[in-house]
Amino acid sequence: MTHSDLMHILVVDDEKSIRRLIEKEMASPRRVIKTAGSGDEAFAAIRRWAFDVILLDIRLPDANGLELMAQFQEDLPGVQVILITGYGEVHDAVEAMKNGACDYITKPFDLDALEQVVEKAFQHVRARREAMARQSGGQAKRTAYPQEIIGHSGSMDRVRFLIDKVSPVQVPVLITGESGTGKNVVARVIHRQSARAEKPLITKNCATLQAELVRSELFGHCKGAFTGATESRDGLLSMAHEGTLFLDEIGELPVGVQATLLRVMETQTFRRVGEKEERKVDVRFLFATNRNLRKEVDAGRFREDLYHRLNVFNIELLPLRERREEIPVLLEYFLEQLRVGKQPACRVSKTVMQCLMNHDWPGNVRELHNVIERGVILAEDSLITEQALPAELLASGDGDGGDDPFLPLKEIERKHMLKVLEHVNGNRSKASELLGVSRKTLYRKLLEP
């Protein structure tokens with residue numbers, strides 16, 4: 001399945017039974033479905049994920065669906081909105097179609113008709129994508145990502161969308177997320193997609209800056225500025241001139257230096273340590289942090305004015321435990337990346353896959369890469385088995401099917417299927433895909449006495 005085959009759907013309805021019904025009946029390996037019960041929840045969803053199709057109730061407890069539609073279309077260009085209406089609201093839905101709604105369905109609705117309406121909307125999305133690809137020179141724009149932005153979840157689609165939007169614009173970008181989620185990768189891609197791509201990308205982790213030499217490292221110093229300064233030296237700002245300066249873990253920057261950085265961002269001028277003359281610099285700033293900077297501001301550890309200056313455009317990377325559907329894709333990518341010469345890429349056993357899917361991944365994508373690298377080293381005949389996994393992953397997977405090693409094979413298989421079903425919240429299409437069996441086979445085995 002290619003990335004373009006996946007359909008990302010948001011269902012916005014205040015009736016929980018409607019949300020569950022649509023989510024259950026439309027479940028498919030080629031669909032990623034999210035739900036929201038209010039306008040606020042819907043806005044929170046589109047801030048985290050990109051959607052192709054939105055099923056939107058006209059009447060919500062906290063918002064007017066018609067007004068929401070306009071905002072969604074502004075935030076997600078090209079999204080197709082299908083309105084959910086009661087019989088008395090059909091006139092409103094027809095009027096809304098004149099203003100950009102794709103279609104409407106009425107409650108109670110026919111599920112087959114819903115399927116057709118959603119598929120028709122997705123065809124519009126695909127046609128628009130193909131037209132844009134032709135206008136921008138075929139696949140050039142898509143292949144601009146050098147296979148670094150991996151994953152097909154809605155959240156990663158949202159990240160790609162935000163990167164495309166912000167890369168050409170000379171504004172600061174704040175990349176947030178837990179350690180190991182790929183903030184450095186996003187920074188590299190933004191630089192590579194920008195007009196400064198041929199100029200330097202200078203990266204510095206603020207946690208590694210020596211307290212007494214922070215100003216010197218950032219701004220440079222002149223000869224004799226302090227003990228040991230035997231010669232003048234450029235700082236990171238000068239090195240990044242006409243390019244990009246990426247300051248990772250910006251929350252670690254000492255408060256005393258934050259005011260100076262703010263001034264540099266506002267004036268594009270700075271002074272070397274020990275020098276009176278101001279220097280001009282042309283730098284685009286990217287920042288990253290695993291801290292909640294808003295809380296750091298409230299605690300007095302981060303300047304509020306600097307926070308607002310660098311938080312012009314935020315890209316949030318979700319932890320891997322919140323986007324587990326990407327694990328098989330990342331696994332395949334890492335196995336190919338770690339392949340030696342012309343040898344075949346390693347593969348993993350079903351037990352290993354179960355362990356990978358069940359683990360919480362506190363170290364996120366970086367931890368997954370390290371586990372796979374260890375597995376490749378310990379693989380036998382190109383197969384990674386549970387013996388190659390760290391103990392904490394084996395505990396996550398409960399790999400042998402339970403505490404009782406003498407359970408019948410049928411019962412072990414059944415327990416495994418139930419565990420996978422629990423992991424995907426009862427979605428049998430997703431469960432059958434993970435298990436590598438058809439839905440019919442899954443149903444039959446679960447019903448067996």
Can you name the nearest heavy-atom pair linking Val352 to Glu386, along with the distance?
CG2-N, 3.4 Å
So does Glu266 have more than 12 non-hydrogen atoms from other groups sitting under 6.0 Å from CD?
yes
Residues two or more places apart in sequence or in another chain: which of them pass side chain to side chain contact (heavy atoms under 4.5 Å, CB included) with Ala288?
Ile175, Lys183, Phe246, Asp248
Quick one: salt bridge (charged side-chain N to carboxylate O under 4.0 Å, His left out) partners of Arg158, sequence neighbours excluded?
none
Might you work through the side-chain hydrogen bond (donor to acceptor under 3.5 Å, both in side chains) test for His8 and Asp157, ending with a clear yes or no?
CA-CA 9 Å; His8 299 280; Asp157 281 350; 2.5 Å; yes
Inter-residue atom distance Gln337.CD - Leu330.CG, 0.5 Å rounding
10.5 Å
Mind jotting down which residue pairs meet the ring-ring contact (aromatic ring centres under 6.0 Å, His included) criterion with at least one end in residues 52-73? Sequence neighbours excluded, please.
Phe43-Phe72
Could you measure the distance from the CD atom of Glu367 to the NE2 atom of His359? Nearest 0.5 Å is fine.
4.0 Å
I'd like to know if the side chain of Arg374 reaches the main chain of Ala388, judged simply by a donor and an acceptor atom lying under 3.5 Å from each other, with no hydrogens or angles considered.
yes
Sequence-distant partners of Glu275, side chain to side chain donor-acceptor pair (under 3.5 Å), two or more places apart
Arg279
Measure the spacing between CD of Glu326 and CG of Leu318 and express it to the nearest 0.5 Å.
8.5 Å
Please step through salt bridge (Lys or Arg N to Asp or Glu O under 4.0 Å) for the pair Asp14 and Arg59, ending with a clear verdict.
CA-CA 8 Å; Asp14 61 321; Arg59 300 284 178 253; over 6 Å; no
Any Leu218 side-chain heavy atom under 4.5 Å of Phe270 side chain:
no
Side-chain donor or acceptor of Gln80 paired with backbone N/O of Val125 under 3.5 Å:
no
Under a 3.5 Å distance rule, please check whether Asn314 uses its side chain to pair with a backbone N or O of Leu174 as donor and acceptor.
yes
Nearest heavy atoms of Arg284 and Val171, plus distance in Å
NE-O, 3.1 Å
So does Arg272 get a backbone contact from the side chain of His221, meaning a donor-acceptor N/O pair under 3.5 Å?
no
Does a side-chain heavy-atom distance below 4.5 Å link Leu317 with Thr176?
no
Could you tell me the separation between the OG1 atom of Thr85 and the CD1 atom of Ile58, rounded to the nearest 0.5 Å?
5.5 Å
Quick check: do Phe285 and Val264 have side-chain heavy atoms less than 4.5 Å from each other?
yes
Between Asp62 and Asp40 (side chain of the first, backbone of the second, donor and acceptor by atom type, cut-off under 3.5 Å), is there such a pair?
yes
Distance from Leu83 atom CG to Ile105 atom CD1, nearest 0.5 Å?
9.5 Å
Ignoring hydrogens and angles, tell me if any N or O in the side chain of Asn292 forms a donor-acceptor pair with the backbone of Arg294 under 3.5 Å.
yes
Using side chain to side chain donor-acceptor pair (under 3.5 Å) as the criterion, list what pairs up with Thr244, not counting sequence neighbours.
His191
Taking C-beta and beyond as the side chain, do Leu378 and Ile384 meet within less than 4.5 Å on heavy atoms?
no
Audit row: Arg309, Glu304, salt bridge (Lys or Arg N to Asp or Glu O under 4.0 Å) steps and yes/no:
CA-CA 9 Å; Arg309 186 68 184 85; Glu304 185 164 14; over 6 Å; no
Going through the checks in order, is the salt bridge (Lys or Arg N to Asp or Glu O under 4.0 Å) test met by Arg31 and Glu25?
CA-CA 11 Å; Arg31 293 175 181 154; Glu25 294 300 326; over 6 Å; no
Keeping Ser216 on the side-chain end and Leu213 on the backbone end, is there a donor-acceptor pair under 3.5 Å?
no
Heavy-atom count check: over 12 atoms from other residues, nucleotides or ligands less than 6.0 Å from Glu332 CD?
no
Looking only at non-hydrogen atoms, find the nearest pair between Asn364 and Ser179 and report the distance.
ND2-O, 2.9 Å
Listed partners of Arg303 passing side chain to side chain donor-acceptor pair (under 3.5 Å), at least two apart
Asp305
Given side chains that start at C-beta, do those of Ile163 and Arg160 come closer than 4.5 Å, heavy atoms only?
no
Looking only at heavy atoms, what is the nearest atom pair of Ile22 and Leu114, with distance?
CG1-CD2, 4.2 Å
Residue pairs meeting side-chain hydrogen bond (donor to acceptor under 3.5 Å, both in side chains), one or both in residues 63-72, sequence neighbours left out, come to Gln71-Asp75
Answer yes or no: are there more than 12 heavy-atom neighbours, outside Arg20 itself, under 6.0 Å from its atom CZ?
no
Salt bridge (charged side-chain N to carboxylate O under 4.0 Å, His left out) against Arg301, all qualifying residues, sequence neighbours excluded
Glu296
Could you pull out the closest heavy-atom pair between Ile250 and Phe302, with the gap in Å?
O-CE1, 3.5 Å
Minimal non-hydrogen separation, Phe219 against Leu237, with atom names
CD2-CD1, 3.2 Å
Do any side-chain atoms of residues 199-206 form donor-acceptor pairs under 3.5 angstrom with protein atoms, and if so which ones, sequence neighbours left out?
{"unit_1": "Lys199", "atom_1": "NZ", "unit_2": "Glu242", "atom_2": "OE1", "d": "3.4"}
{"unit_1": "Lys204", "atom_1": "NZ", "unit_2": "Glu217", "atom_2": "OE1", "d": "3.3"}
{"unit_1": "Asn205", "atom_1": "OD1", "unit_2": "Ala207", "atom_2": "N", "d": "2.8"}

Applied to residues 252-264, the salt bridge (Lys or Arg N to Asp or Glu O under 4.0 Å) test, sequence neighbours excluded, yields Glu252-Arg291, Arg263-Glu278
Under the side chain to side chain contact (heavy atoms under 4.5 Å, CB included) criterion, do Leu245 and Leu247 qualify, and how do the steps go?
CA-CA 6 Å; Leu245 178 59; Leu247 295 178; 4.1 Å; yes
Distance from Ile46 atom CD1 to Phe161 atom CZ, nearest 0.5 Å?
9.5 Å
Excluding sequence neighbours, so at least two apart, what forms side chain to side chain contact (heavy atoms under 4.5 Å, CB included) with Ala45?
Leu10, Trp49, Phe51
Check for a donor-acceptor pair, side chain of Arg324 on one end and backbone N or O of Met357 on the other, with a separation under 3.5 Å.
yes
Once side chain to side chain donor-acceptor pair (under 3.5 Å) is applied, do any residues pair with Thr385, and if so which ones, sequence neighbours excluded?
Gln387
Met265 side chain reached by Pro172 side chain, heavy atoms, under 4.5 Å:
yes
Any donor and acceptor pair, going by atom type alone, linking the side chain of Gln258 with main-chain N or O of Leu253 inside 3.5 Å?
yes
Short side-chain donor-acceptor distance under 3.5 Å, Ser382 and Arg347:
no
Testing Leu21, Asp57, Thr35 one by one against Asp13 for a side-chain contact (heavy atoms from CB on, under 4.5 Å), which residue passes?
Asp57
Arg366 and Glu373 ion-paired at < 4.0 Å
no
